[in-house]
Amino acid sequence: MAEAVEKLTKKSEDPSRWYLDLVRMAKMADYGPVRGTFAIRPYGFAIWERIQRDLDDRFKATGHVNAYFPLLIPESYLQKEASHVEGFAPECAWVTVGGDKELEERLAIRPTSESIICDFYRNWIQSYRDLPLLINQWSNVLRWEMVTRPFLRTAEFLWQEGHTVHATAEEARAETLRMLEVYRECFYEKLAIPVLTGVKSPSERFKGAIETFTCEGLMGDGRALQAGTSHDLGQNFAKAFDITFLDENQDRVYPYQTSWGFSTRTIGALILVHGDDRGLRLPPKLAPTEAVIVPIWRGKNKADVRREAEKLYIELQTAGRRMEVDLDEEHSPGWKFNEHELRGVPVRVEIGPKDIEKGKAVLIRRDTGEKEFVPRDGLAARLEELLEEIQANMLRQATEFRDANTRHAASYDEFKEIIENERGFVVAPWDGTEETEQKIKDDTKATIRLLPFEREEGKDLVSGRPGKTAVFARAY
RNA sequence: CGGGACGUAGCGCAGCUUGGUAGCGCGCCUCGUUCGGGACGAGGAGGUCGGAGGUUCAAAUCCUCUCGUCCCGACCA
């Protein structure tokens, strides 16, 4: 055997290098010619398509429809909401020339679409009968990031951004929380990532919002990742863009808005949460291929084994499974085992001469490596069951990891010690001031990831003033 | 944008100190033997050494600028 097989860096040794290796070796993404831009390869995109489909179904189920808005945003639009422009202008890419002529007003390539969408909403909304307006857009956006890495922070990324308008503040807040819940369910049910949900501290709030809610995941290396946010915009944008409507009492009033987004960053979260030293581990519900059949043949019986593998493929595919059969004749079975493990296929089905003789096949699960011999006639049913088990087990493992890495700090020394040596989430009281938040950040690089919905009273570790629990972590 | 490291074949790297015919492993192509945990043999293709200037008879190697990547800080989905 050749000793120089392309080797994946160990996650335990160098998570950062491991991640980049894995993205490349599993053929998920490649660097583009412009800094921070990446091509998402078909395999990575297939995962994104499955996430898209799931979210889209949930959006439709909650009454939303899809639409599309322009890529280019005049600078003056961006400037209408003061904190919004302050937050986003520094990281915009600008178009200054069109058709070889200098433009009179430069155009931002959307970093997010609130401003351009509000410009349309001004005309779309005249009466309370036009509300609520529940629209979602699937699009790409561009942010000129200093430091980038595939999926986790790319200059250009794909996402969905929901933009809704409501007659009352209560309704807007309910929408904001409903969509946070939609994200949370997607994380738990499909991505098998047990995110924490809660409120962002004011300093971490979306620029232009009155409140930001977030889903925070804990990655395999103990760092947190913000993945999915939902913003209550209040009347900030409505006032800035002069969106008004006539209510039942014939008063002209400003509506209340929300926006919420979920991006391809989530693919990075999937990799970091579930991946191991052998490669990716995909939750069955998101895996483009649920199970791959690897035929094991020798020269003399190749035709027979091949025929059985093909039959098995048809059988399982017909039973509703997303299957792949690896009929490649160049690579050895061992090579294929490693390759499909690297790609994270949840189950491998082996079929060889001995199995055919016994009327069985071998199922190997990617999450635990466990192997079982299953009679052919019960195979489809067992596979379906196994996939459910894997999905549940991956969520369980991730939850155990999250809980084992969520610690309560009783003193600031302990807090610092945990952040430095253990990482993970640290739960501690916070007095609600920006100074203590900033001091903790300066001292430890940890930020407030969220304020839980249920908060306990306590004493702030830094100031000693009364506070309520916050969840801290170093984040991506 | 600050501090550090690095750009040489698709991928991983050596060569640079001390200038002188561009190398290695994997991958790729061809043929044969293999195939239950990354098989083996033989042959072959592939590079304006990130880019631009400069020094020199001669630059992957020395100098300047520039672009890009990675790690650490400030910002973010």
Side-chain angles (χ1 to χ4, degrees), chain A residues 1-9 14-17 19-21 24-25 27 30-38 86-92 111-112 140-161 183 200 203-207 212 214-217 225-231 259-269 278-279 294-302 305-306 326 328-342 348 350-356 361-362 364 369 371 373 438 441-442 445 447 474-476:
Chain A
M1 195 247 285
E3 71 284 354
V5 176
E6 230 183 342
K7 225 31 189 170
L8 185 63
T9 310
D14 186 351
S16 175
R17 180 76 205 195
Y19 178 80
L20 296 172
D21 274 1
R24 180 177 56 80
M25 287 167 65
K27 294 195 162 47
D30 276 315
Y31 292 103
V34 176
R35 60 169 296 138
T37 62
F38 296 83
E86 172 203 319
F88 285 102
E91 57 179 23
C92 280
T112 180
N140 56 346
V141 288
L142 189 70
R143 298 179 187 178
W144 214 255
E145 300 290 349
M146 294 299 166
V147 179
T148 66
R149 40 175 29 190
F151 296 120
L152 293 178
R153 196 189 298 106
T154 51
E156 180 186 0
F157 58 90
L158 300 181
W159 73 347
Q160 65 58 220
E161 43 180 328
Y183 290 157
K200 280 291 186 191
S203 73
E204 300 266 332
R205 195 178 282 155
F206 178 79
K207 300 297 181 193
T212 288
T214 182
C215 295
E216 297 282 327
L225 183 75
Q226 173 176 324
T229 45
S230 185
H231 316 293
S259 72
W260 23 276
F262 191 107
S263 75
T264 40
R265 161 178 276 193
T266 311
I267 298 171
R278 308 179 75 82
V294 178
I296 292 155
W297 48 47
R298 288 173 203 282
K300 55 183 190 304
N301 54 27
K302 180 181 280 186
V305 175
R306 188 190 172 103
D326 193 343
D328 185 313
E329 299 192 9
E330 297 304 317
H331 295 296
S332 66
W335 191 93
K336 293 175 184 177
F337 298 165
N338 284 295
E339 186 65 14
H340 296 303
E341 278 165 9
L342 180 68
R348 180 172 76 242
E350 289 177 23
I351 182 149
K354 289 183 238 165
D355 307 309
I356 294 170
V362 191
I364 296 92
K371 195 181 223 188
F373 295 82
Q438 188 62 43
K441 190 171 177 179
D442 292 343
K445 294 180 212 155
T447 50
R474 283 190 189 163
Y476 270 99

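Hydrogens, waters and symmetry mates play no part in the numbers below; they use all other heavy atoms, side chains included.
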Can you name the residues that form a side-chain hydrogen bond (donor to acceptor under 3.5 Å, both in side chains) with [X], not counting sequence neighbours?
X: A/Thr447; value: A/Arg449
X: A/Trp159; value: A/Ser139, A/Glu161
X: A/Glu330; value: none
X: A/Thr264; value: none

[options]: which one has an atom nearest the side-chain heavy atoms of [X]?
X: A/Glu91; options: B/rG36, B/rA77, B/rC76; value: B/rC76
X: A/Pro333; options: B/rC75, B/rA77, B/rC35; value: B/rC35
X: A/Ser332; options: B/rC75, B/rA77, B/rG36; value: B/rG36

Please give the nucleotide sitting opposite [N] as a Watson-Crick or G-U wobble pair, both distances under 3.5 Å, or none.
N: B/rU30; answer: B/rA42
N: B/rG25; answer: B/rC11
N: B/rA5; answer: B/rU69

Donor-acceptor pairs under 3.5 Å, side chain of residues 144-153 of chain A to any protein atom, not counting sequence neighbours: which ones?
| from | atom 1 | to | atom 2 | distance (Å) |
| --- | --- | --- | --- | --- |
| A/Arg149 | NH2 | A/Ser16 | OG | 2.8 |
| A/Arg153 | NH1 | A/Val147 | O | 3.3 |

Does [X] reach a base, just sugar-phosphate, or nothing at all? Heavy atoms under 4.0 Å.
X: A/Lys371; result: nothing
X: A/Val362; result: base
X: A/Gly352; result: base

What residues, two or more places apart in sequence or in another chain, satisfy salt bridge (charged side-chain N to carboxylate O under 4.0 Å, His left out) together with [X]?
X: A/Asp30; value: A/Arg41
X: A/Glu341; value: A/Arg278, A/Arg348
X: A/Asp355; value: none
X: A/Lys302; value: A/Glu329

What nitrogen or oxygen pairs link the protein and nucleotides 70-73 of chain B at under 3.5 Å?
| from | atom 1 | to | atom 2 | distance (Å) |
| --- | --- | --- | --- | --- |
| B/rC70 | OP1 | A/Tyr31 | OH | 3.4 |
| B/rC70 | OP1 | A/Thr148 | O | 3.3 |
| B/rC71 | OP1 | A/Ser16 | OG | 2.9 |
| B/rC71 | OP1 | A/Arg149 | NH2 | 2.4 |
| B/rG73 | OP1 | A/Lys445 | NZ | 2.4 |

- Task: Can you tell me the distance, in whole Å, between the NZ atom of A/Lys336 and the P atom of B/rC35?
- Result: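 Result: 13 Å.
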
_Could you tell me how far apart A/Gln226 (CD) and B/rA77 (P) are, to the nearest whole angstrom?_
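One finds 5 Å between P of B/rA77 and CD of A/Gln226, rounded.
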
I'd like a table of atom pairs between the protein and nucleotides 28-31 of chain B - only N or O on both sides, under 3.5 Å - with the distance next to each one.
none

Under a 4.0 Å heavy-atom criterion, the protein footprint on nucleotides 4-9 of chain B, written with B, S and -, is ------

| request: Please state whether the phosphate of B/rC76, meaning OP1 or OP2, lies under 4.0 angstrom from any side-chain nitrogen or oxygen of A/Arg143. | output: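 So the side-chain polar atoms of A/Arg143 never come under 4.0 Å of the phosphate oxygens OP1 or OP2 of B/rC76.
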
*Can a side chain N or O of A/Lys300 be found less than 4.0 Å away from OP1 or OP2 on B/rU33?*
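Looking at the OP1 and OP2 atoms of B/rU33, neither is under 4.0 Å from any side-chain N or O of A/Lys300.
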
